[in-house]
Amino acid sequence: MRKAIIAGNWKMNQDSKDADHLFHELQNLDKGNAEVIVFPPFIYLDRFINLSSKHIRIGAQNCSQFSSGAYTGEISGRMLRSLGVDYVLIGHSERRQFFGETTQILKDKINIALEEKLIPIFCCGEPIIIRDNGTYIKFVSEQIMDSIGQLTPDKMAKLVIAYEPIWAIGTGVNASADQAQEMHLAIRDLINSRWGEDISDKLRILYGGSLKASNALELFNMQDIDGGLIGGASLNAEEFKQIIEIANESI
Ligand code: PGA
């Protein structure tokens, strides 16, 4: 039995007042058996950690690939850990696309995160052209092996993976339940062949990409989908809570 994760990625949304309002609306949520994580922008982390109840855990959307030093504008894994952050997103397609994050950078970030005892949620997913030409499983498998293939079993056991097809992110078009399940199973098989059954059985694989209350049930009913990484719909407290409820009924 894998414990479901419902994660809200706020991205670069919400001014200070709106962020407080949204967080306040989430404070009374009923997480049931699921693990609920909110990923607000960096500048709100400190106060949300102080406000956060035991129902909500806090994650960061990014961390530096360097441990400390002269890197103006960067936030280190150690800073995050020292605030009480538990999770960090690594390899989100927006970071790869707009901020040039390469495989080497992602490897460094994963190592830093693990050193600081942050749990990385490693994001992977193919662009539409790769989906259309049919090589999506090979593409995602390479993304995974290139960035995390070197991890020892004890480190790999700490990771969470999020499959987020780029063509589904923010488009309103989600992967169908069958498409998502096909990829999640392929990822689990890959992890099994590299690290063995115990790790692959326990690994949580989240789906992300236009996940909302109206499609959560069919996705969460799939055997290898262990929760969601939710962008747009996580900015609406009521919808986010509904998705948590659906996860509790179906995962
Ligand atoms: P979306 O974003 O739910 O708005 O498609 C998901 C993500 O990028 O994590």
Side-chain angles (χ1 to χ4, degrees), residues 4-14 18-19 22 26 34-42 44-45 56-63 85-101 106 109-110 113 118-128 130-131 136 139-140 143-144 147 159-177 179-180 183-184 187 204-220 222 225-247 251:
I5 293 181
I6 298 299
N9 176 10
W10 291 8
K11 308 192 181 185
M12 196 175 72
N13 292 300
Q14 309 297 77
D18 292 343
L22 178 55
L26 294 176
E35 214 169 310
V36 174
I37 316 166
V38 172
F39 292 82
F42 281 133
Y44 309 137
L45 288 174
I56 308 177
R57 303 179 79 180
I58 302 291
Q61 296 174 19
N62 184 24
C63 76
V85 168
D86 292 316
Y87 289 84
V88 60
L89 297 182
I90 292 182
H92 192 283
S93 62
E94 288 152 14
R95 300 288 324 164
R96 298 177 194 251
Q97 185 183 349
F98 302 122
F99 303 97
E101 294 196 357
L106 301 183
K109 288 188 177 200
I110 293 271
L118 296 164
I119 300 172
I121 299 189
F122 179 75
C123 306
C124 54
E126 79 286 357
I128 188 69
I130 297 290
R131 169 62 49 179
Y136 45 91
F139 182 93
V140 168
Q143 278 185 325
I144 292 175
S147 292
L159 242 69
V160 174
I161 289 183
Y163 168 57
E164 299 202 297
I166 296 171
W167 46 273
I169 296 179
T171 58
V173 182
N174 58 288
S176 70
Q179 286 172 320
M183 182 63 85
H184 283 229
I187 294 173
R204 268 95 54 93
I205 308 175
L206 314 183
Y207 169 77
S210 297
L211 203 164
K212 37 189 181 278
S214 59
N215 57 29
L217 183 62
E218 59 187 63
L219 287 158
F220 293 164
M222 292 289 155
I225 300 183
D226 307 311
L229 179 56
I230 301 142
S234 73
L235 299 174
N236 178 321
E238 281 320 305
E239 182 156 14
F240 191 61
K241 287 181 203 171
Q242 268 178 40
I243 296 172
I244 295 166
E245 229 171 84
I246 295 168
I251 297 181

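Numbering of ligands and ligand atoms starts at 1, following listing order.
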Do P120 and L159 come within less than 4.5 Å of each other through their side chains, counting heavy atoms only? yes
Name all pairs fulfilling the salt bridge (charged side-chain N to carboxylate O under 4.0 Å, His left out) condition that reach into residues 161-176, sequence neighbours left out, sorted by first residue then second. none
Counterpart residues, salt bridge (Lys or Arg N to Asp or Glu O under 4.0 Å), relative to D86 (two or more places apart): R57, R81
At a heavy-atom distance under 4.0 Å, which protein residues reach ligand 1? Sort them by chain and number, would you? N9, K11, H92, E164, A168, I169, G170, G209, S210, L229, I230, G231, G232
How would you list, by chain and number, every residue that makes a salt bridge (Lys or Arg N to Asp or Glu O under 4.0 Å) with K212, sequence neighbours excluded? none
For the residue pair F39 and Y87, does the interplanar ring angle fall in the parallel (under 30°), tilted (30 to 60°) or perpendicular (over 60°) class? perpendicular
Are the side chains of Y163 and I225 in touch, meaning some heavy atoms are under 4.5 Å apart? no
